[in-house]
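Remember, it's 1-based here, ligands and their atoms both numbered in the order they're listed. Worth knowing before you read on, the calculation uses all heavy atoms, side chains too, and leaves out hydrogens, waters and symmetry mates.
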Amino acid sequence: MIMNEKLLAAEKSIEFIRNGMTVGLGTGSTVYFLVSKLAELIKQGLNLKCVSTSKQTTKLAKGLGIEITDINLVDKIHLTIDGADEVDPNLNGIKGGGGALLFEKVTAAASEKVIWIIDSSKYVKLLGKFPLPVEVIPFGSNHLFKRFFEAGYNPAVRKIGKENYLTDSGNEIIDLQINKIQDSVKLENEIKLIPGVVEVGLFNNIADTVIIGRENSTEILNRI
Ligand code: 5RP
């Protein structure tokens with residue numbers, strides 16, 4: 001059911017794409033459906049310039065015949081479509097479950113419009129049940145871990161097997177289990193100011209539109 005909701009949201013987002021646009025492609029299993037559909041449309045003649053938010057998406061897109069342009073070589077990004085891990089009624093969210101938060105935030109910040117595509121389980125009253133990813137440089141990261149532990153944020157270093165997970169930029173991720181984030185803007189600012197933190201997976205005031213896949217339909221929420 002969740003996969004079907006992801007598919008519905010991804011298909012709906014295609015309606016926002018116009019011929020000639022430069023489009024930012026997010027990362028994750030919901031974006032997989034978007035990229036697959038876009039590949040079909042591009043083969044049928046849709047003209048798009050695409051930039052990617054991760055090695056994973058670049059590999060997927062190229063494998064399906066979509067050309068990826070370096071983000072530094074485009075003048076503007078008209079629209080970025082991405083997934084999210086949690087979204088609240090203010091359209092603030094947690095992202096980075098797939099580890100691509102840094103490039104996703106940079107791409108979103110450079111985009112004229114940002115759409116998130118999610119299944120209905122991700123729409124929540126309060127952010128924080130999903131572990132909040134914090135991307136940190138490896139140098140001194142044990143000290144950041146200690147600091148997060150002492151702050152009561154229940155940190156966990158993201159691992160792949162026994163090794164620390166590394167992002168596309170070669171950084172580590174510390175996931176924080178905060179459960180209830182009362183003020184996501186305050187928390188984002190607090191964490192981002194800590195030396196060694198590269199990015200935090202709180203995406204405040206970034207999404208313009210959120211498309212929620214529901215059982216057999218979609219719901220569209222717009223930032224007011
Ligand atoms: C990757 C992300 C993804 O957008 C987020 O994890 C959602 O993924 P999925 O669509 O697979 O549920 O932020 O860094």
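- In terms of protein heavy atoms, atom 3 (C) of ligand 1 is closest to T27 O, 3.2 Å.
- For D119, no heavy-atom contact with ligand 1 is shorter than 4.0 Å.
- Among all protein heavy atoms, the one lying closest to atom 12 (O) of ligand 1 is K122 NZ, 2.4 Å.
- Relative to the ring axis of F130, K122 does not place its NZ or CZ within 45° and under 6.0 Å from the centre.
- The protein heavy-atom contact nearest to atom 6 (O) of ligand 1 is D85 OD1, 2.6 Å.
- Protein heavy atom closest to atom 2 (C) of ligand 1, with residue, atom name and distance, is E104 OE2, 3.3 Å.
- T80 and D82 share no donor-acceptor pair across their side chains, judged by distance under 3.5 Å alone.
- Atoms of ligand 1 lying under 4.0 Å from at least one heavy atom of D82, given by number and element, are 4 (O).
- Close contacts between ligand 1 and K6 involve ligand atoms 9 (P), 10 (O), 11 (O), 12 (O) [criterion: under 4.0 Å to a heavy atom].
- Cation-pi check for K159 over Y165 is not met; the charged atom does not lie both under 6.0 angstrom from the ring centroid and within 45 degrees of its normal.
- With respect to the salt-bridge test (charged N to carboxylate O, under 4.0 angstrom), the residues R158 and D175 qualify.
- No donor-acceptor pair under 3.5 Å is formed between the side chain of D119 and the backbone N or O of E5.
- Residues K129 and N179 bring no donor and acceptor atom of their side chains to less than 3.5 Å of each other.
- Distances from ligand 1 to the non-hydrogen atoms of G26 include no value under 4.0 Å.
- The closest side-chain donor-acceptor pair between T27 and Q56, if any, does not fall under 3.5 angstrom.
- Which of P133, G83, S29 comes nearest to atom 9 (P) of ligand 1 through a heavy atom is settled by distance: it is S29.
- In terms of protein heavy-atom proximity, atom 13 (O) of ligand 1 is closest to G96 N, 2.8 Å.
- With no hydrogens or angles considered, no side-chain donor-acceptor pair links D168 and S54 at under 3.5 Å.
- Residue-to-ligand polar distances keep G28 apart from ligand 1: every N/O pair is separated by 3.5 Å or more.
- Here S54 has no heavy atoms under 4.0 Å from ligand 1, in either its backbone or its side chain.
- Of the N or O atoms in V31, none lie within a sub-3.5 Å distance of an N or O in ligand 1.
- For the residue pair T22 / K76, no side-chain donor-acceptor distance below 3.5 Å is found, with atom types taken as modelled.
- Regarding atom 14 (O) of ligand 1, its nearest protein heavy-atom neighbour is A100 N, 3.0 Å.
- When hydrogens are left out, the protein atom nearest atom 10 (O) of ligand 1 is T30 OG1, 2.5 Å; that is the closest non-hydrogen contact.
- Two residues are said to be in side-chain contact when any heavy atoms from C-beta on lie closer than 4.5 Å; I211 and I115 meet this criterion.
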